[in-house]
Structure formats: C-alpha cells, structure tokens
Protein chains: 2
Amino acid sequence: MLTNSEENYIKEIYSLEQKHQTDVNTNLLAEKIETKASSVTDMLKKLAKKDLLIYQKYKGAKLNTKGEKVALAVVRKHRLWETFLVEKLNFSWDEVHEIAEQLEHIQSEKLTNELDAFLNFPKVDPHGDPIPDVNGNFATIKTVCLSKLNIDDEGVFVEVKDDSDKFLKYLTKNNITIGAKIKVVDKEDFDNSIKIEIDKKQFNISENVIKNLYLKI
Amino acid sequence: MLTNSEENYIKEIYSLEQKHQTDVNTNLLAEKIETKASSVTDMLKKLAKKDLLIYQKYKGAKLNTKGEKVALAVVRKHRLWETFLVEKLNFSWDEVHEIAEQLEHIQSEKLTNELDAFLNFPKVDPHGDPIPDVNGNFATIKTVCLSKLNIDDEGVFVEVKDDSDKFLKYLTKNNITIGAKIKVVDKEDFDNSIKIEIDKKQFNISENVIKNLYLKI
DNA sequence: ATAAATTTTTAGATAAGTCTAAATTAAAAA
DNA sequence: TTTTTAATTTAGACTTATCTAAAAATTTAT
C-alpha cells in the first residue's frame, strides 16, 4: 500500500517520462511536485527500495514495470473521476482537477471499475486525455499540435495539454472547447502567434496557447 | 483545514456523544479509533487548542458547536457516498463502509452538494441512518429497537446500528433487509433471544442481533 | 584540461501522529 | 478514610515527509 505522497511522485515521474522520453531528474521533479530537491532525493531512494523505479545517484529515475502499473492506475482513477464530475455532477472542465487530485488516491479496485462501467467506459476525459482501461491500456488517438498546422489547414480540437483552471477558463471564454473546428487563417513569424477561425469568428492566439492545443485532422 | 485523522476523531466523538449522552472518555475513544489512550490525549489537546471541543484533564471531551458542525459535515459525506455506491455503482450494503471512510474526507463543498442533488437529496443511507442536509439538519424518524417489542408486535425494519460487514452479511443471509416486515413470534427470557417471522418464515435471533435492529411501528 | 557553475546528495532539524513505559489522578473497595 | 485498582496523562522515542545548509558530483565554459 502506497501513501498519497508516493503515488503523487510516481504519477509525476510517469508524466515527465512521457513528455521528455528520458530519465527524470531531481530538480524538474521537485518543481512539479512543488517541493525541494532534497525531498525528492529521499523519496526516490524510498521508491527504489520499494522496487517501483530505478534510481541512480546523480542520474535520475525511471519507473520499472511495477511503478508504471501504479502510475497508470492513478491516472485511470484521476481521469475517470474528472469524467464523472463533468458528466454527472455538472462541473465544468476547469473545476475538476483539484478534486480529482484527491479522489485519485481512493483505494478500491471495485470502485474504480464500477465507476468506469457507470460512465460507459469512456475513452477520454473532459480534457481529451486518454483513460487507461482496467489493464492499463489506452488507445492513442493520433493528434497533431496546432503549432504544426499551416495556413488554411483545419482540424477538430480534441485534447488540451495544460489542465490548469486558468488556462481552461481562458479557452472557454474564447469558445475554444473540445470538439471545436479550428482553422488556421494566418501565422505571424515574429512571435509565432497565429490567427484562427472558430464558428466563423477569427481571433489571434499566442504561442503559449498554441502549443497546448491538439487537433484531429 | 483538518487532517483525516482529526476528522476521524471528531466523527467518533460525535457518535459516542449521541450514543451515551455524556462526555467522551479517553479509553473508549481509543478503542473505537483503534489507537492508544496516550494518542487520544494528545489529539484531544490539539482539537481543544483548535477550538473544536472542550477538553478537561481526566474528565473527557465534548464537542462545541464548531466541532459538531465538522462532525455533521463528515457524517453527511460518509452517508451520501454510501448511498451513491449502493444506488449507482451496484455495491451491497456490506461493502460500502470502508470506501466511504476514505471518501468522507474529500474536501469540496460543491462536490458534496452536487452529489446530494444527483442522488435526489436522500433522507437516509443504505443502513437507514439519517443523512444531514447542507445545514447539518436531519429528520429523526421515530424508530423503536426490536428489543422493545412484545410477542405479536410487528414493524418495518428501517435502520441498523452496527454497520460492520460481518453483521450486515449475516442479516442479508437471513433475509433481514431494510424494508422487511418483522413480527415477534416468541421471546425467551433466559437468554433474551426471540423468534421472529419475515415473509412467513420464522427463525430465532440472539440478543446481540436484536439490539442493533430498529423498526418503524 | 582545469575552473566555474549547476545539479544533486547528505546531514541534521522539524511537525504530525503514533507508540511504550512510567507517573499521576480519580474511582472503587476495604 | 485509607488502600487498591483503574483510568488518564506525561515523557521520551519512532516514522513519514518535509525543510535548510553544507558537501559532493556532474556539467559547462574557458
């Protein structure tokens, strides 16, 4: 049985591994978990001793199969609960993260699986992130970052990478919601901003926004 | 913000106060929480300092208004989650306690209230225990302990006091479920057991069972 | 290749919640 | 009322997860 803290480290390590495709280093992890590097070192030692990851001094950490399984179970719970909150309890997509952070640590396989069934085995959560099934498998939908598109290209917005409520509120305000059809109207080289069109309305978005939006072409 | 441990103490103190109508003493509380008396003393001091209860050395503790409010909020969450698990996720009444013990600590008023609405503002949980509303109020249905009935008296079983899965499994096995019509057929003075009739079938139950069953006459 | 800068680890401290064992207080019995 | 028993509290220790400050290793720059 793992503590909430241990699960949080494993989840974050998993997420960083996916993003950077390399061993996770101490400082970055510390920043993400919002703690100090020395605390991270302690925890990595502990998780290595529990046989959840490979840790080499000064070289960083990497989940082993067991650790990855834990990570996927936590991610599964997090995304199922987010889906539940939005679909059944009238939450909006910018209100669910913090609560799911708590709910993801509830220990009961039956609960997780019954919730999955109750929600009709959803494939993605309210942010378009894939939900691992009971065996940890998930379909990777082929998505393309909005930054990769050229003028006149278009696609359907299906996944957002930054789940912060600040960012999600910005998107909602600008009508950029999952399922929206987005067309690239213009690109500015000097600041990498672009002009997009949604529902016949055009407006500019900055590089920081662009890199967090993923489309299905 | 209270820790899970603090909430558990407050909940248990509240429950013991209701049951015994007197200040809660250290040893009994220690037994219920499954910890040592010395740990209880420490926690009572801490909760008193946080102004959640009145604590007098060697005299026991008693929740104040603030503490009672916390207790009712936790009880509300516990019972709403139990109801959710049984009504929406196919759990039986003997499977929900442990999971609700975890879920009752999730912090989000909106979540609690949306869950309440989603369940249609239930008045009682799967064990017949009343669910406090958003203000901490609950209707006290007038119930009578089965031990108070005489031969040929009858009533509808609406509430069970012992929520342990062992006991609930026993009841299920013997067809004693919430809503069952129970008639007292015979009483044995020497061991206080009685013979009851449910659905035309008669059988004997012991004093330990009897004292945990409450009926509406 | 060496020095400087950065990253990471170690050492020692702290807070929460628990424990054991000893001391104290209250309650019950003689 | 004094003694005995039981309940409660105190003192000191342990674990988990955290922190700061200092030391060590690695990386980058000269």
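A note on names: the letters A, B, ... follow the listed sequences, proteins ahead of strands, and every chain is numbered from 1. Owing to the predicted nature of the structure, the values given are computational and were not obtained by experimental measurement.
- Checked against C/dT8, D/dT18, C/dA26, the side chain of B/Y58 finds its nearest nucleotide in C/dA26.
- Base engagement by A/S39 is indicated by at least one non-hydrogen atom pair under 4.0 Å involving a base atom.
- In this structure a side-chain-to-backbone donor-acceptor pair under 3.5 Å is present from A/N64 to A/K66.
- Among the heavy atoms of the strands lying under 4.0 Å from A/T26 are primed sugar atoms or P, OP1, OP2 only; no base atom is included.
- A donor atom on one side chain and an acceptor atom on the other are not found under 3.5 Å apart for B/N135 and B/R76.
- Among the heavy atoms of the strands lying under 4.0 Å from A/N25 are primed sugar atoms or P, OP1, OP2 only; no base atom is included.
- Of the candidates D/dT18, C/dT18, D/dT9, D/dT18 carries the atom nearest the A/S5 side chain, counting heavy atoms from C-beta on.
- The side chain of B/K36 lies closest to C/dC19 when the candidates are D/dT18, C/dC19, D/dT10.
- Here C/dT10 is the nucleotide among D/dT10, C/dT8, C/dT10 with the atom lying nearest to any side-chain atom of A/S38.
- Side chain of A/T41, nearest nucleotide from C/dT18, C/dT9, D/dC19: C/dT9.
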Apply side-chain hydrogen bond (donor to acceptor under 3.5 Å, both in side chains) to B/N208 and B/K211, showing your working.
-> CA-CA 6 Å; B/N208 264 319; B/K211 69 169 189 245; 2.8 Å; yes
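- Under the 6.0 Å distance and 45° angle rule, A/K88 does not count as a cation-pi partner of B/F84.
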